[in-house]
Amino acid sequence: MAAERELPTHFSPAELEAPLYQSWIERNYFSADANSQKAPFCIVIPPPNVTGSLHIGHALDHTLQDTLTRRRRMQGYEALWLPGMDHAGIATQNVVEKQLTQQQPPKSRHDLGREEFVKKVWEWKAESGGAILGQMKRLGDSVDWSRERFTMDEGLSRAVLTIFKRLYEKELIYRAERIINWCPRCLTALSDIEVEHSDDAGEFVQVRYGDDQLNITVATTRPETMLGDGAVAVHPDDERYKHMIGKEVLLPLVNRMIPIIADELVEPEFGTGAVKVTAAHDPNDFEMGRRHNVPMIVIMNEHGIMEGTGTEFDGMDRFDARKAVVERLREMGRVVSEKRPYVHAVGHCSRCDTTVEPRLSMQWFVKVAPLAKAAGDAVRNGLVKIEPAELAPRYFEWVDNMHDWCISRQLWWGHRIPVWYGPNGEVLVVGPDEKAPTGAGWEQDPDVLDTWFSSALWPFSTLGWPDESGDLAKFYPTSVLVTGYDILFFWVARMMIFGLFAMDGTPPFHTIALHGLVRDKFGKKMSKSRGNTIDPLEFMDKYGADALRFSLARGANPGTDQALAEEWVAGSRNFATKLWNASRFALLNGATSARPLPEKSALTAIDNWILSRLHQTIKEADNYFEGFEFAKACDAIYHFAWDDFCDWYLELAKSSFAQGGAQAENAQAVIGHVLDNLLRILHPVMPFITEALWTRLTGGESLVIAAWPEADESRIDERTNAAMEEVKSLITEVRRFRNDQGVKSSAPIPGRFNGIDKSALAPYEKAIRSVLRITDPAENFTVSGSIVAGSINCEFDLSGTVDVAAERARLEKDLATAEKDRETARVKLDNADFMAKAPEKVVTTIKARLEETDRDIARITEQLKKLPG
RNA sequence: GGGUGGUUAGCUCAGCGGUAGAGCGCCUCGCUUACACCGAGGAUGUCGGGGGUUCGAAACCCUCACCGCCCA
């Protein structure tokens, strides 16, 4: 009997985890049923990129989502965690294009043609895409694989067409020629959020325009764009330049006359107070250009090569041209000053880091203002809750200031824009079930939509929208969106916008739970260049998925970053090992969850104490989980399991087992009950080891489908808790004494606990003696050492010399502490203002503290007097 | 430049009005039959500086300094 329940002496997570996950999949535990009567709980995964692999940020994000989902599943909800990926337009196209260039002979996508190229991308996806999905299994993600979605799937593509047409009909999508962010390497437009600004060392050059009659000095960080200047602008109130407004100056190098215009956008204090206006290559200049009819002169091609300026610079790369232009101006004596390096913010393509070029071009845009207003209001009106609430201002800041969203991309991989242009200038938007025009001269827009356009539909497109599917009815709106605050803007706002629009004002989720970033050991941001990245797979190999998950969850304070180090993960593995060994001990001693838990009156005080703490911990941890306080929930469980259960209860229970009989049987039931519940409440965070231990302990089918523990208030007993605190301090005092006296903890010594029989600690004496190895006094008992712990006077027969000096030092130290404590209390109580104004409860506490310290001081003084010498 | 978060033990962080906490690290003991991935004991902080509010401030207000993030 005992033999078959025995655990292997060693715990090896790596062997344990994969088969368990496999068994869960085989038993279909993660598949949600849209027809069930259970209340729905749904999380859609923030779709990872199809080219990506699991990084530590995913590991955190997924750990939290899995914890929430597993808990709800155990609570009896119809829990759906829906997995999938997005098609990552630029990134994926880049990957496949790179493959093509590495072929012999190297090819470009243009060699293949659009259709063939897209086919290649699908082939790539089938072969190498979605590596992250397998890694999610290793982490233990309890996602419903039968519902896995991809943004390029047919159903999701229908959703894209549907929303595009609806938005277009409401005039919330429009096409216009604007300055957009252009990546000269990816050869596509980018939205604002795909541009990353960094402080780069550039240059700041002042150039004199004009001639002897009239000249003006402009300042610029981009001298090469002067070839496309259409004007010089000054502030209308700038006395230095007022007389020049309306006149024309000579633009050097191109030898064109350009007007001097007045515009309030110009900051007189900045540079020389005069700026060049290159309306086709700068967003601010574009605005000014529109106001003042400045010609939009395009001087670069899509690759960022100078073109059409009619100067010697044509054909040069923009950065070479910058040098060359300044060089020529210098020769002409037109450079007034040069500052180099001049550090200023420069935009880079978030996919390839190429410096972004503002470019005038025809693109499709979403008119954001009315949609974003609704997205902001949903949170303002409490329809959607942001957790933690402190981060809501960041959300508002974003949605309230959102610019129109450029959604067209000059790519081939993605949802092609469903717009046909007719021979006579017709523009036709084709919905999902409509036929595209076929006549001569009709052509579809060549561009595709921004990946985020389809990701923004994720919370309902994955559930079957635009069809009125059962999934949609059951699971929309979803329960909670879990994501890092760093992408609050990237797509949370966009999902809100589209969700509210498509679903007639029903937001895509009730709650947005935000977590922070995982940083390195020293709190520094992880980056490839710093070389401080952590590979979650490596840590899972070494310490197990449970250990990684526990570390991440335990560090997850709402909305704040967390540091992670290998030592912390090792510590979590140690915790898992602790659980393993405790369970091993439990099983070896016949612990069982099969027997009903005896009534309080039948149990020892220590049994009742651990049950009290267990139910307290269940209550606490459950509340924390409910409030997305993962760190606090884990901490509560950790300390209960390790400190209360392993270090105190199991040690004390050894005396019950030694005793045998009913007391031992009760301990078996208590341990069984505690472990059963502990493993349940820990399961969402550490699914593997809890499952392995629980099935062995209880013989149950699986923790995945087991019931979530509920706190039994009747077992919580503050009096027992308090008494046990006294027991603990008594034991600690004696241990300190033994330690100070150099007595080995394994050596039994005879001792007396005077007065214990009449104290509240009487029921604990046996256990105390056992754990401390204090034997009953023998006939020739001679007191050679004594201490007072709490209300108990303890006397020991050390049958030999006592280290009086050590004892005196200890007592004097304790005395000093007690006296200091008494002084603080005394000062308060002597303060008339305190007595008059402090609440009754506080005064009582301080009074009690004073009495306690008085007693301590008296006792210690007495002890010191008794010391020989 | 505009927002916004932070500054608590050697490190990373909780605590956010009533005697300073955790994990890791550190020191001393210890192979006591679950566990050395362990046990027992211990040390460690004028809670960034300066003002203020309060009987009482790490916590609330003001101010300065220094980090960080987001957006320009």
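Throughout, a chain's letter reflects where its sequence line sits, starting with A, and its residues are numbered from 1. Note that the structure is predicted; figures quoted are calculated from it, not measured.
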Inset, instruction - Name the nucleic acid region contacted by A:Lys820, choosing base, sugar-phosphate or nothing; use a 4.0 angstrom heavy-atom cut-off, strictly under. - result: nothing
Legend entry - Nearest-Å distance once atom P is located in both B:rA34 and B:rU46: 43 Å
Inset, instruction - Could you check whether A:Thr732 gets within reach of a base, just the sugar-phosphate, or nothing at all, counting any heavy atom under 4.0 Å? - result: sugar-phosphate
Inset, instruction - Spell out yes or no: do the side chain of A:Glu651 and the base of B:rA34 have one donor N/O and one acceptor N/O closer than 3.5 Å? - result: yes
Inset, instruction - Report which part of the nucleic acid A:Arg738 touches: base, sugar-phosphate, or nothing (heavy-atom distance under 4.0 Å, all strands). - result: nothing
Legend entry - RNA chain B: 5'-proximal contact among A:Asn589 and A:Asp821 (nearest heavy atom): A:Asp821
Inset, instruction - Establish, yes or no, whether the cationic atom of A:Arg519 lies under 6.0 Å from the six-membered ring centre of A:Trp568 and within 45° of the ring axis. - result: no
Inset, instruction - Indicate, with a heavy-atom threshold strictly under 4.0 Å, whether A:Arg735 touches base, sugar-phosphate, or nothing. - result: sugar-phosphate
Inset, instruction - Give a yes/no verdict on a cation-pi contact between A:Lys654 and A:Tyr649, requiring under 6.0 Å between NZ or CZ and the six-membered ring centre and an angle within 45° of the axis. - result: no
Inset, instruction - Using a heavy-atom cut-off of under 4.0 Å over every strand shown, decide if A:Asp647 touches base, sugar-phosphate, or nothing. - result: sugar-phosphate
Legend entry - Side-chain (A:Asp282) to main-chain (A:Thr278) donor-acceptor, under 3.5 angstrom: no
Legend entry - Residue-phosphate contact under 4.0 Å: A:Trp648 side-chain N/O, B:rA40 OP1/OP2: no
Inset, instruction - May I ask you to say what A:Pro393 touches in the nucleic acid, namely base, sugar-phosphate or nothing, with a heavy-atom cut-off under 4.0 Å? - result: nothing
Legend entry - Contiguous Watson-Crick or G-U pair runs (3 or more, under 3.5 Å) in RNA chain B: B:1-7 with B:65-71, B:10-13 with B:21-24, B:26-30 with B:38-42, B:48-52 with B:60-64
Inset, instruction - Would you mind classifying the nucleic acid contact of A:Thr560 as base, sugar-phosphate or nothing, using non-hydrogen atoms under 4.0 angstrom? - result: sugar-phosphate
Inset, instruction - With heavy atoms under 4.0 Å as the rule, sort A:Lys632 into base, sugar-phosphate or nothing. - result: sugar-phosphate
Inset, instruction - Scan A:Arg736 against the nucleic acid and name what it touches under 4.0 Å (heavy atoms): base, sugar-phosphate only, or nothing. - result: sugar-phosphate
Inset, instruction - Mind checking A:Asn557 for me? I need base, sugar-phosphate or nothing, with any heavy atom below 4.0 Å counting as a touch. - result: sugar-phosphate
Legend entry - Distance, P atom - from B:rC60 to B:rU8, rounded to whole angstrom: 15 Å
